[in-house]
Protein chains: 2
Amino acid sequence: MMELTRKGEYAVRGIIHLARQPYGNVALLSDIAEEAEIPQTFLAKIFQNFAKLGFINSYRGTGGGFSLARPASAITLRQVVEAVEGPIAPNRCVTQGGECDRSAACVVHDVWRRVQLQTLEILDGVTIEELARKSK
Amino acid sequence: MMELTRKGEYAVRGIIHLARQPYGNVALLSDIAEEAEIPQTFLAKIFQNFAKLGFINSYRGTGGGFSLARPASAITLRQVVEAVEGPIAPNRCVTQGGECDRSAACVVHDVWRRVQLQTLEILDGVTIEELARKSK
DNA sequence: TGCCTTCAAGACCATTTTTATCCTTTTTAG
DNA sequence: CTAAAAAGGATAAAAATGGTCTTGAAGGCA
Ligand code: SF4
Ligand code: SF4
């Protein structure tokens, strides 16, 4: 239950590997994909999305590639995961605009909200910088 | 991300409604399904599974139905959820025998383990009795 | 003994999500 | 101009989800 998909796992691994590059350095998709052991075309989609969201910059043409658009310390694990997996919620009723007519009276609802809040707290507290720095 | 499936949601709702019956009372599947607003045939599968796991008793024939096999206070939300959704884990690498050759060195792994442990702690601390009693 | 009720078990199925791959286009450096 | 590299869109196999249907088995009752 509640497992990250491959896409989520790849997204995290991918951006960590990108963050390990010397700062400002532009890295090739093919290199990151190989290092992180991610299917290149799949990672391409993920990075395209990250670029749109402003996490990373992309450069086309010869000498192109990807680099972080802001310091790794300013990107949290939560942001990365939510970017690809959507809002973190253990049940429908705890998402923004989550629909269940029972929510008001439901006790289980409160349990899921606690799970959600604790999870968010953990993921908010971890930055890509930390992850990239440790266990290099 | 990490959402309970319908099956999980139905399982929780179903067993709570069963726990609201007078103790020892045998309830009809059709009644529980209607009260909890769950497709009856789907709930049947869930309850069959619960019966196998010893959470509930089932009785066939006229006057048959389902009842809890042990006090609601001895059934935790975690047990119910894991019964239908499998082990609670935010990533493959934190399941029993979860496989990722990186686990040892990986820092993200530790984050997922923390998420898992916090979630388990919450779900272990909630019993079906509490859920059935409150917000009747 | 039959008949009716109720759960058991397994087959079946439509839809959605996951996990990619492929191809064409655009951008850019040199 | 050309080669390199990402962008964007179409396609698709495989798996998971969310059920339904049919048949069978067990139990109560006239
Ligand atoms: S936990 Fe309660 S509020 Fe949330 S979806 Fe289930 S019934 Fe609705
Ligand atoms: S978080 Fe680390 S250990 Fe877990 S699956 Fe990802 S790479 Fe492997």
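This structure is a prediction, so every number in the text was calculated from the model and none was measured. Just so it is clear, the values below take in all heavy atoms, side chains as well, and ignore hydrogens, waters and symmetry mates. Here is how names work: the chains are called A, B, and so on, in the same order as the sequence lines, proteins then strands, and each is numbered from 1.
In this model, a side-chain donor or acceptor of A:Lys45 finds a partner on the base of D:dG8 within 3.5 Å. Contact of A:Thr62 with C:dG30 (side chain to base): no donor-acceptor pair of N or O atoms is detected under 3.5 Å. You won't find any donor-acceptor pair under 3.5 Å spanning the side chain of B:Lys7 and the base of D:dG19, going by distance alone.
No side-chain donor-acceptor contact under 3.5 Å links B:Gln21 and B:Ser67.
Between A:Arg102 and B:Glu37 there is a salt bridge, with a side-chain nitrogen of the basic residue lying less than 4.0 Å from a carboxylate oxygen of the acidic one.
Looking only at distances, no side-chain donor or acceptor of B:Gln118 sits under 3.5 Å from a matching main-chain atom of B:Val115. With hydrogens and angles disregarded, a donor-acceptor distance shorter than 3.5 Å links the side chain of B:Gln116 to the backbone of B:Val94.
B:Tyr59 comes within 4.0 angstrom of sugar-phosphate atoms only, judged by non-hydrogen atoms across all strands, and of no base.
For B:Leu28, whose side chain is taken as the heavy atoms from C-beta onward, the closest listed nucleotide among D:dG18, C:dT6, C:dT19 is C:dT6.
Summarising the geometry, the separation between CZ on B:Arg6 and C1' on D:dT20 is reported as 17 Å, rounded to the nearest angstrom. When rounded to the nearest whole Å, the span between CD1 of B:Ile38 and C1' of D:dT17 equals 16 Å. Spacing between atom CZ of A:Phe42 and atom P of C:dA20 amounts to 6 Å, rounded to whole angstrom units.
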